[in-house]
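Residue numbers begin at 1 in each chain, while the letters A, B, ... track the order of the sequences.
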2 protein chains.
Amino acid sequence: MKSETRKDEIINTAAKLFKDKGYSAVTMRDLATAMGIKAASLYNHINSKQDILKEIIIDIAEAFTNGMSIIIASEVSNISKLKQVVALHVNITASNTNGMASLNNDWMHLEDQLDYYLKLRNEYENNFLKIIEEGISTAEIKQTNAEVIMFSMLSTLRSLYLWIPKKEDLNADDLANNLSEVLIEGINV
Amino acid sequence: MKSETRKDEIINTAAKLFKDKGYSAVTMRDLATAMGIKAASLYNHINSKQDILKEIIIDIAEAFTNGMSIIIASEVSNISKLKQVVALHVNITASNTNGMASLNNDWMHLEDQLDYYLKLRNEYENNFLKIIEEGISTAEIKQTNAEVIMFSMLSTLRSLYLWIPKKEDLNADDLANNLSEVLIEGINV
DNA sequence: ACATTTAACTAACACTTGTTAGTTTGGTGA
DNA sequence: TCACCAAACTAACAAGTGTTAGTTAAATGT
């Protein structure tokens with residue numbers, strides 16, 4: 001149970017500010033004020049503004065990649081896999097709503113790590129699509145455009161960061177079940 | 001068929017740039033370069049950077065408000081109303097993808113018009129929710145959490161701006177029908 | 001008691017930001 | 001031909017940007 005380092009505090013505070021105004025509109029002086037220190041002092045803990053963004057986004061992106069590879073490998077129905085994907089999004093988002101805002105809205109401001117991020121995202125979406133396509137071919141899922149289904153599900157799941165903080169009495173399992181019902185049982189045969 | 005004014009060209013070019021990098025990350029010099037002129041020349045046509053954002057967003061927001069009030073007033077089933085809402089989003093988004101990006105991602109950078117925008121958005125969401133709740137009470141829609149349904153639908157519809165440009169051979173009616181099927185027939189009893 | 005570490009500070013830098021003022025250019029209607 | 005006008009230009013501004021250098025003060029480990 002290692003306690004939060006000063007660097008972590010800065011990154012978490014930054015994520016909160018980035019959520020409200022976006023990466024570009026938050027200055028190092030804004031961040032310093034929110035921390036109660038001067039801008040120059042931030043550099044005792046972090047290398048650059050860019051580096052903060054990288055740390056916020058890449059950690060989460062890798063969590064999605066890892067979660068997806070476990071789901072892909074599991075020997076269950078494709079509908080079950082989709083439910084696991086929903087739960088994966090709910091859990092990651094619930095544990096880091098602010099960071100999810102940056103991942104969704106500020107990924108294009110990654111510089112060195114942009115290609116890596118896009119690679120992870122593409123692989124994730126390909127795996128997601130493959131689950132749906134297999135579900136269609138095994139008649140678990142209605143014969144509809146697989147891309148439309150993925151687009152619809154992913155849009156909802158990517159917006160969770162806006163919605164979860166409003167439900168202060170959140171039960172992650174309940175939400176995941178509720179969402180799965182709305183998102184999946186509709187496509188169920 | 002009034003032709004596009006220079007001001008319109010600037011606003012449309014700005015919307016394109018805002019879509020890629022966000023309002024805050026686009027400078028007046030970026031915009032000028034994209035127009036092939038110098039930054040100071042922009043001010044012969046527009047009042048301020050802020051004003052460009054306002055013109056992009058408020059126009060679209062009012063189009064949604066107007067569309068919704070027509071739907072609300074129509075004497076059809078609630079399911080039909082939801083289908084009309086889907087079509088409304090598809091049509092507005094297809095006719096102004098770039099502007100929709102600003103509306104979704106940069107509304108918080110509105111200054112004078114922020115309150116007005118939020119008022120329109122709240123009214124819109126209240127009307128949306130009311131359709132769903134009435135659909136549930138008349139047993140047109142499954143007995144589920146109305147907010148979860150709205151959240152899911154609205155998330156998908158708000159993400160259309162990312163998706164529509166990728167389908168170059170887009171037929172708006174087909175997409176609206178496809179989406180309605182995925183989004184609505186799932187909730188249908 | 002002393003060396004080390006952590007985390008803050010002040011001061012300054014080179015550059016970028018949105019915007020204004022005043023001027024020039026090329027075309028259009030009288 | 002001449003006045004007009006839209007639309008570009010150059011030059012400059014004050015404020016704000018991320019970041020570096022060098023210093024100080026308090027806590028910690030030996």
Under the side chain to side chain donor-acceptor pair (under 3.5 Å) rule, collect the residues that match up with [X], sequence neighbours excluded.
X	answer
B:S80	B:S77
A:D30	A:T27
A:N78	A:E140
A:R6	A:E9

Rounded to the Å, how far apart are [X] [atom1] and [N] [atom2]?
X	N	atom1	atom2	result
B:E9	D:dA7	CD	C1'	12 Å
B:E4	D:dA7	CD	P	12 Å
A:M35	C:dA8	CE	P	7 Å
B:E111	C:dG18	CD	C1'	12 Å
B:I10	D:dA6	CD1	C1'	12 Å

Strictly under 4.0 angstrom, non-hydrogen atoms only: write out the protein contact profile of nucleotides 10-20 of chain D, one letter per nucleotide from the 5' end, B, S or -. BBB----BBBB
Summarise how protein sits on nucleotides 24-29 of chain D as a single string, 5' to 3': B when a protein heavy atom is under 4.0 Å from the base, S for sugar-phosphate-only contact, - for no contact. ------
Counting distance alone, no hydrogens or angles: does the base of C:dA8 have a donor or acceptor under 3.5 Å from a partner atom on the side chain of A:N44? yes
Let me check the geometry of the helix from C:dA1-D:dT30 to C:dA30-D:dT1. What is the bend angle between the axes at its two ends, five pairs each, to 10°? 10°
Can you name the residues that form a side-chain contact (heavy atoms from CB on, under 4.5 Å) with B:A146, not counting sequence neighbours?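 With sequence neighbours excluded, B:A146 shows a side-chain contact (heavy atoms from CB on, under 4.5 Å) to B:L129, B:I132, B:E133, B:I136, given in chain and number order.
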Are B:H45 and D:dA6 close enough that a side-chain N or O sits under 4.0 Å from OP1 or OP2? no
Under a 4.0 Å threshold between the charged nitrogen and the carboxylate oxygen, would B:K81 count as salt-bridged to B:E134? no
So, B:S180 and B:N177: side-chain donor and acceptor under 3.5 Å apart, yes or no?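 No, B:N177 and B:S180 have no side-chain donor paired with an acceptor closer than 3.5 Å.
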Partner set under ring-ring contact (aromatic ring centres under 6.0 Å, His included) for B:Y124, not counting sequence neighbours: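 Partners of B:Y124 by the ring-ring contact (aromatic ring centres under 6.0 Å, His included) criterion, ordered by chain and then number, come out as B:F64, B:H89.
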Can you pull out every salt bridge (Lys or Arg N to Asp or Glu O under 4.0 Å) where at least one residue sits in residues 108-117 of chain B? Sequence neighbours excluded, please.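 Passing the test, one end in residues 108-117 of chain B: no pairs.
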Please list, one pair per line, the donor and acceptor atoms closer than 3.5 Å that link side chains of residues 65-75 of chain A to other protein atoms, with sequence neighbours excluded.
unit_1, atom_1, unit_2, atom_2, d
A:T65, OG1, A:A61, O, 3.2
A:N66, ND2, A:E62, O, 3.2
A:S69, OG, A:N66, O, 2.9
A:S74, OG, A:I71, O, 2.7

Donor-acceptor pairs under 3.5 angstrom involving side-chain atoms of residues 156-163 of chain A: please list them, not counting sequence neighbours.
unit_1, atom_1, unit_2, atom_2, d
A:T156, OG1, A:S152, O, 3.2
A:T156, OG1, B:S152, O, 3.2
A:T156, OG1, B:S152, OG, 3.4
A:T156, OG1, B:T156, OG1, 3.4
A:R158, NH2, A:E125, OE2, 2.8
A:S159, OG, A:S155, O, 2.8
A:S159, OG, B:S155, OG, 3.4
A:Y161, OH, A:N105, ND2, 3.1

